[in-house]
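Down below is the structure, laid out as structure tokens.
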Amino acid sequence: MNLHDYRTIIFDFDGVMFDTNLCKRNAVREAAAPYLSTKDLNKFVCYFSANNGIPREIKINTFFTGDTALSVLNHYKDRLDATLDTCKP
């Protein structure tokens with residue numbers, strides 16, 4: 001492979017070059033906390049973390065429905081936007 005043959009190179013930092021799992025776990029915990037008991041929150045966070053590769057929308061919709069699911073998803077996205085730059089390589 002000759003890199004000079006390419007005009008653009010895309011790096012996948014999420015979970016590859018930076019360990020984003022802790023940031024994601026903290027973000028989803030914070031997003032879901034207002035809606036679940038401590039026991040159910042721990043189950044949800046474990047489920048969410050154990051199922052990397054499944055879209056977040058599907059994982060969130062497994063535990064939440066309707067407006068609550070949308071609220072959790074939006075809060076999760078907001079927390080990720082605010083914290084992903086703090087993840088360590």
Practice task
Evaluate the side chain to side chain contact (heavy atoms under 4.5 Å, CB included) criterion for residues L80 and K77: first the C-alpha distance (whole Å), next the side-chain angles of each, then the deciding distance (0.1 Å), finally the verdict.
Solution key: CA-CA 5 Å; L80 283 181; K77 288 178 184 178; 5.8 Å; no
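- A search for side-chain contact (heavy atoms from CB on, under 4.5 Å) contacts involving N42 returns R29, T38, not counting sequence neighbours.
- Shown here are the salt bridge (Lys or Arg N to Asp or Glu O under 4.0 Å) partners of R79, two or more places apart in sequence or in another chain: E30.
- The closest side-chain heavy-atom distance from T83 to N26 is not below 4.5 Å.
- Taking the six-membered ring for Trp and the full ring otherwise, Y35 and F44 have centroids separated by 6.0 Å or more.
- Residue I54 belongs to a hydrophobic cluster whose other members are I58, with links defined by side-chain heavy atoms closer than 4.5 Å.
- In terms of heavy atoms, V28 sits closest to V45 at CG1-CG2, 4.2 Å.
- Taking the side-chain contact (heavy atoms from CB on, under 4.5 Å) definition, one finds that S37 meets it with K39, D40, sequence neighbours left out.
- Between the NZ atom in K59 and the OH atom in Y76 there is a gap of 6.0 Å [rounded to 0.5 Å].
- Within a 6.0 Å sphere centred on CG of D67, heavy atoms belonging to other residues, nucleotides or ligands number 12 at most.
- The shortest non-hydrogen separation linking A32 to F64 is CB-CZ, 3.8 Å.
- For T68, there are no side chain to side chain donor-acceptor pair (under 3.5 Å) partners, not counting sequence neighbours.
- In this view, Y47 and F63 satisfy the ring-ring contact (aromatic ring centres under 6.0 Å, His included) rule, not counting sequence neighbours.
- Residue pairs satisfying the disulfide bond (SG atoms under 2.5 Å apart) criterion with at least one member in residues 39-81, sequence neighbours excluded, are absent.
- Take N2 and apply the side-chain contact (heavy atoms from CB on, under 4.5 Å) test, not counting sequence neighbours, and it matches H4, D5.
- Every residue two or more places apart in sequence or in another chain that forms a side-chain contact (heavy atoms from CB on, under 4.5 Å) with L70 is listed here: N74.
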